[in-house]
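What follows is a single structure, written as structure tokens, with notes after it.
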Amino acid sequence: MKQKRFTFVMPIMIIVMVVALWMLNEEYSEVQLGIRVIIAIGAALFSGVISYFLFPENEEKKRG
């Protein structure tokens, strides 16, 4: 059942990381690349944890 949660969590994390890297590259290009990557990884992990707890585990049982 937890596999179903990760089908939503992983794409959200990837999208957040890509968007964070793009935004940091556009507006804060004076920040070193390593720091930008660390910030983007932190944003991806944070959004993954939040989305993991926001998506219900047994959504099918509640509907039926």
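Because only heavy atoms are used, hydrogens play no part in the values below, and waters and symmetry mates are left out as well, while side chains stay in.
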I'd like a table of donor-acceptor pairs (distance under 3.5 Å, sequence neighbours excluded) in which one partner is a side-chain atom from residues 8-16, with atom names and distances.
none

Give the table of side-chain donor-acceptor pairs shorter than 3.5 Å for residues 30-39, with sequence neighbours excluded, one pair per line with atom names and distance.
from: R36; atom 1: NE; to: V31; atom 2: O; distance (Å): 3.1
from: R36; atom 1: NH1; to: N25; atom 2: OD1; distance (Å): 2.8
from: R36; atom 1: NH2; to: V31; atom 2: O; distance (Å): 3.3

Show the atom names and distances, to 0.1 Å, of all donor-acceptor pairs under 3.5 Å that link a side chain in residues 41-50 to residues at least two apart or in another chain.
from: S47; atom 1: OG; to: A43; atom 2: O; distance (Å): 3.2
from: S47; atom 1: OG; to: A44; atom 2: O; distance (Å): 2.9

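The side-chain hydrogen bond (donor to acceptor under 3.5 Å, both in side chains) analysis of residues 14-24, with sequence neighbours excluded, yields no pairs.
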